[in-house]
Amino acid sequence: MAVIKGRDISFSYGSGKKTLDHASIRAEAGELIALLGCNGCGKSTLVRHLNALLPLQKGELRVAGLDARAQANCWRLRRQCGMVFQNPDNQFVSSVVEEDIAFGLENYETPEEEIPTRVRAALAAVGMSGFEKRAPHLLSGGQKQRVALAGVLALNPDIIVFDEVTAMLDPQGRREVLGIIDRLRAGGKKTLVMITHYVEEAVMADRVYLMAGGNVTAQGSPRDILTDAALLAQNGLLAPLPVRMYEDLKAAGVPLERCPLTNEELVEELCRFA
Amino acid sequence: MPFCLEEVSFTYAAGTPLAVQALRGVSLRMEAGEVLGVMGHTGCGKSTLIQLLAGLLVPTHGRVLLDGQDINAPGCDRAALRARVGLVFQYPECQLFEITVAKDVTFGLKHSGLSPAQKEERVRAALETVGFSYERMGAQSPLALSGGEKRRVAIAGVLAARPEILIFDEPIAGLDPMGRERFLALVRRLNAQGTSIVLVSHNADALAQCADRLLVLKDGCVALEGTAEQVFADVEAARRLQVDVSTPRALGQMLTQRGVAVPAGAVTYEGLLSVLKERFCAGGNP
């Protein structure tokens, strides 16, 4: 069942230039989809429609069964679709972790006696139990993003959007956050949408969407999309390193057979040939 | 213009129960025209280091010397220092605020004493350096641009002051792969024109491509220092310091473990490609 079903979405920030131009997107329940595209292609604008941060100007969009055109659905969309953003420091409203996570629950009038349990469960889900009384701004980048994600999980949304959540993190922080996204995906209960510039992250997805010039230009499995260097170049993107290495070695006359998607596959292919 | 840190320590909130020592006796010498990469785990002291270099923080102990002069000594011309050392913060696009791109880029020159014509010339050149046309971009609102474009405008605002030394804090986070390549090309271009550059980044691939020398910080100390070839030679040592080695170096290590020997010096894409070509191309295959 499609949890996100968007057709021909167009959007302009007012300058006349269309930031989205008939973009279509679809995600099935429990799927992890990745959105790839160069800066300015409309990825963030598109996902900001999913929870009505931006109003639908043109086109059709249904999210978790709700019609995004109806103004009355705005608050329910916000509730069904949580978002985690790039800069963890911009996402905190409180100076105590547990209060920050409770903030959303309080606003949705969750019964007071339920709040502590849900806060604890959300922190446990991101591996941050024991950090209840800590100050969010004193945590590491990876920990901050996990707290931001816990704040979203506490509200139990059907859909979670990750807008370049690892861009600011050091290697360890990135691994922490990606580990949690992978775990959520394995749980199969949430529909996940991930915007990223890192190809290794897109490899995790069930399906990859390419965007360029406000449009969704291609979609398919990570392998189909990411090993197609020509398609990626047309969309202003660089193919993953293993793919480029494969193409360059082949051009130099090394008769490799299978185009690798990951570093491990590249090593495998080269060892087989050696 | 040698830029030096002499036994510099820095403690935040010194003398209070909240005191945190961020740097411990760091010494460093940077030569004119150098591109210095700085890496390290969150909280290792990278941001403190560059704020000390830019004169935004004053060392708790030790000295910061520019051309042999202590930049924190009484009587040091701070305004001149600001013009010589440009700092591009993390997410510089968050600092855009003017109603047009041209005004935003000009803002830093407000008190420079330059004539309006000179300022316009500076702004035009700065925008061109980051790949924008003054005519096409100058009158637009900086807030309506895409993330990558905003960042280039913000960088232009620092370039307009024509600093001799440019410090970038995590400049490629959030840029798409082409944007990353464009940024690295910009670094090389500025460096070729004589600008010394400090690049703070977690991105080992980018640093391997453009830094002359790397510095790895750990717990406020310099834990490793050398060329990318030297710093990434020992993959395990780098991991213990919680930094990634470049992807080509990691691949080289994996291949070596599997019996396809790749020298540790292959830290860039081109380096690894040429090793593999030599090994696998007709004639080179043992």
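To find a chain, count down the sequence lines: A is the first, B the second, and so on, and within it residues start at 1.
Heavy atoms of B:E181 lying under 4.5 Å from chain A belong exclusively to its side chain. Neither the backbone nor the side chain of B:I172 has a heavy atom closer than 4.5 Å to any heavy atom of chain A.
Remark: B:R180 is positioned above the aromatic ring of A:Y198, its terminal NZ or CZ atom under 6.0 angstrom from the ring centre and at most 45 degrees off the axis.
Side-chain N or O atoms of A:D170 include one that pairs as donor or acceptor with a backbone N or O of B:T42 at under 3.5 Å. Proximity of a side-chain donor or acceptor of B:Y91 to a complementary backbone N or O of A:N87 within less than 3.5 Å is not detected.
The 12-atom threshold is not exceeded at CZ of B:R136, counting heavy atoms of other residues, nucleotides or ligands nearer than 6.0 Å.
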For a salt bridge (charged side-chain N to carboxylate O under 4.0 Å, His left out) check, start with the C-alpha distance between A:R174 and B:D244, then their side-chain angles and the critical distance, and finish with the verdict. CA-CA 11 Å; A:R174 249 179 93 188; B:D244 276 349; 5.6 Å; no
Working note: A:L256 + B:F280, criterion side-chain contact (heavy atoms from CB on, under 4.5 Å); need CA distance, chi angles, decisive distance, verdict. CA-CA 10 Å; A:L256 298 172; B:F280 290 119; over 6 Å; no
Could you give me the CA-CA distance, side-chain angles and deciding distance for B:K277 and A:L249, then say whether side-chain contact (heavy atoms from CB on, under 4.5 Å) is met? CA-CA 7 Å; B:K277 270 187 188 167; A:L249 286 172; 4.0 Å; yes
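Per-residue heavy-atom pair counts under 4.5 Å with chain A were compared for B:S201, B:G174, B:G179, B:P248, and the maximum is reached by B:G174. The choice from B:L272, B:D205, B:L145, B:L255 that makes the most heavy-atom pairs within less than 4.5 Å of chain A is B:L255. The most heavy-atom pairs under 4.5 Å with chain A, out of B:E149, B:M39, B:H202, come from B:H202. For chain B, the option among A:L169, A:T19, A:L266 with the highest count of heavy-atom pairs below 4.5 Å is A:L169.
B:M178 is not listed as a side-chain neighbour of A:C38, based on a closest heavy-atom distance of 4.5 Å or more. A heavy-atom distance below 4.5 Å is found between the side chains of A:E268 and B:R258.
When all heavy atoms of A:V254 and B:C281 are compared, the pair lying nearest together is CG2-SG, 3.8 Å.
Rounding to the nearest 0.5 Å gives a distance of 11.5 Å between CG of A:D248 and OG of B:S274.
The existence of a salt bridge linking B:D176 and A:K43 is excluded, since no basic side-chain nitrogen approaches an acidic carboxylate oxygen closer than 4.0 Å.
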